[in-house]
Amino acid sequence: MTRVLSCIQPTGDVHLGNYLGALRNWVAGQHDKDVFHGVVDLHALTVTDRPGVVGQATLELAAVLFAVGLDPDVATVFVQSHVVEHSVLGWIMECQVSFGELSRMTQFKDKSAKREHDFVSAGLFTYPALQAADILLYDTDEVPVGDDQRQHIEITRDIAIRFNHRFGDTFVVPRAVLPKAGARVMDLQDPTAKMSKSAGSDAGLVYLLDDPAVIVKKFKRAVTDSDSEVRFDREAKPGVSNLLEILAACTGDTADALASRYSQYGPLKADTGEAVVELLRPIQTRYGQLMTDRGELQALLRKGAAKATAVAATTLERAKHNLGMLPG
Ligand code: TRP
């Protein structure tokens, strides 16, 4: 079966755009392919400078992944640092990639420029080597990523091909695939921009764990368009179209069909808010249960780590053997 790896960093809270755009498809797709989902806390360390933050964020993100419906008996959900093979193969990857190649990574250039007055760790620079290890450890066939990660998948392929050439066939060469398109959720205050945790303010972001009253209020205050016609037209009416697309994602109707049922913005905003509250209600309930039963959550993660380790340890052994390292 095709092996698929998706990873997400435990930085920032999960919002409706993440859920409708990606996580919901992860859940829907978990039976079709052999899916691995990593919470990549080692990657988050590249920009972490306060104690206690990463662990809590990792726990919360893991709880969200199970709460939205990833089934621990089907999907392999694990925390990167629980599978020590990532760090070991990460180092080996650092020795297979050149300084020049890493210097050309646009994400490093962007992130280090943004941290102008902040500490720029060496980890931020070697980050793609660790990402290559994440991918190659699982004999991954497909990595669903957006455009911002294409270059990291390309370098992973280059490293795998180079390693296989130097040391003999060791790694599956992965390919980047476009994630199945979910709903395109825009910022409620700036409907021309994607809902994103890097937005200037929280007012246009709906978090998965927002209180129902807060969700309703955020939708009531959503920016709409200057005339008062309810019509699905992303170009001319970005605000209303965003509401229609979100409502459509909740109800399963098409945005156009929904548009014909409204003649005013007010009821559309109210209904969309309510629909989102109902969509998130079971997720929030399950999340609450998991966070109050840490034992269960930890057990689920141990199970994921064991499944991941079984694959990762075999691959790492193969790499060390082919490198000709001295067995311990
Ligand atoms: N770099 C990715 C991001 O910022 C996260 C990531 C780490 C990842 N390891 C990965 C993505 C492996 C896909 C596969 O989104």
Side-chain angles (χ1 to χ4, degrees), residues 8-27 56-57 60-61 63-65 67-69 146 181-259 261-288 290-291:
I8 120 169
Q9 288 197 56
T11 46
D13 294 330
V14 177
H15 55 68
L16 190 66
N18 302 133
Y19 178 58
L20 293 179
L23 296 185
R24 196 149 82 144
N25 281 336
W26 292 11
V27 175
Q56 184 61 23
E60 290 172 6
L61 179 55
V64 165
L65 295 182
V68 297
R184 229 170 95 226
V185 178
M186 314 303 272
D187 188 297
L188 297 184
Q189 291 300 316
D190 175 10
T192 57
K194 251 177 85 171
M195 190 176 283
S196 150
K197 51 191 169 195
S198 47
S201 116
D202 274 3
L205 266 75
V206 175
Y207 292 103
L208 229 56
L209 302 172
D210 269 348
D211 203 65
V214 171
I215 296 177
V216 168
K217 197 189 292 169
K218 284 180 176 171
F219 276 98
K220 271 206 182 112
R221 294 187 181 158
V223 166
T224 38
D225 313 298
S226 48
D227 63 28
S228 60
E229 191 193 354
V230 177
R231 175 165 56 90
F232 186 70
D233 179 344
R234 283 246 174 232
E235 290 293 310
K237 304 187 63 74
V240 170
S241 299
N242 188 35
L243 294 174
L244 287 167
E245 177 144 357
I246 294 172
L247 185 57
C250 295
T251 63
D253 295 308
T254 68
D256 282 319
L258 288 168
R261 287 181 217 157
Y262 292 91
S263 52
Q264 285 174 312
Y265 293 159
L268 172 63
K269 290 183 185 183
D271 286 1
T272 307
E274 276 309 321
V276 169
V277 167
E278 289 314 317
L279 183 75
L280 298 184
R281 193 186 298 283
I283 297 173
Q284 296 191 346
T285 304
R286 179 76 183 122
Y287 177 85
L290 285 165
M291 289 304 279

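As the structure is a computational prediction, the values presented were derived from the model and not from experiment.
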If you define the side chain from C-beta out and look only at heavy atoms, does anything of [X] sit under 4.5 Å from [Y]?
X: Leu61; Y: Gln9; answer: no
X: Val68; Y: Trp26; answer: no
X: Thr224; Y: Lys237; answer: no
X: Glu278; Y: Arg281; answer: yes
X: His15; Y: Met195; answer: yes
X: Asp253; Y: Arg261; answer: yes

Value rounded to 0.5 Å, distance of [atom1] in [X] from [atom2] in [Y]:
X: Glu274; Y: Cys250; atom1: CD; atom2: SG; value: 11.0 Å
X: Asn18; Y: Leu23; atom1: CG; atom2: CG; value: 6.0 Å
X: Asp211; Y: Leu280; atom1: CG; atom2: CG; value: 11.5 Å
X: Asp190; Y: Ser201; atom1: CG; atom2: OG; value: 10.0 Å
X: Asp202; Y: Tyr207; atom1: CG; atom2: OH; value: 3.5 Å
X: Arg24; Y: Tyr19; atom1: CZ; atom2: OH; value: 5.5 Å

Is a side-chain N or O of [X] found less than 3.5 angstrom from the main chain of [Y], in a donor-acceptor match?
X: Lys220; Y: Ala270; result: no
X: Arg221; Y: Leu188; result: no
X: Asp187; Y: Ala193; result: no
X: Lys217; Y: Pro212; result: no
X: Asp233; Y: Ala236; result: yes

Practice problem: Please step through side chain to side chain donor-acceptor pair (under 3.5 Å) for the pair Tyr265 and Asp225, ending with a clear verdict. | Solution: CA-CA 9 Å; Tyr265 293 159; Asp225 313 298; 4.6 Å; no
Practice problem: May I have the step-by-step check of side chain to side chain donor-acceptor pair (under 3.5 Å) for Asp256 and Thr254, ending in yes or no? | Solution: CA-CA 5 Å; Asp256 282 319; Thr254 68; 5.5 Å; no
How close do [X] and [Y] get, heavy atom to heavy atom, and via which atoms?
X: Asp271; Y: Leu247; value: O-CD1, 4.0 Å
X: Asp13; Y: Glu60; value: OD1-OE1, 4.4 Å
X: Ile283; Y: Ala67; value: O-CB, 3.6 Å
X: Gly17; Y: Val185; value: CA-CB, 3.7 Å
X: Leu20; Y: Leu279; value: CD2-CD2, 3.9 Å
X: Arg231; Y: Val240; value: O-CG1, 3.8 Å

Quiz prompt | CD/Gln56: more than 12 non-hydrogen atoms of other groups inside 6.0 Å | solution = yes
Quiz prompt | Lys197 atom NZ, over 12 foreign heavy atoms within 6.0 Å | solution = yes
Self-check item: Ion pair check, Glu245 and Arg234, cut-off under 4.0 Å
Solution: yes
Quiz item: Do the charged groups of Asp210 and Lys218 touch, with an N to O distance under 4.0 Å?
Solution: yes
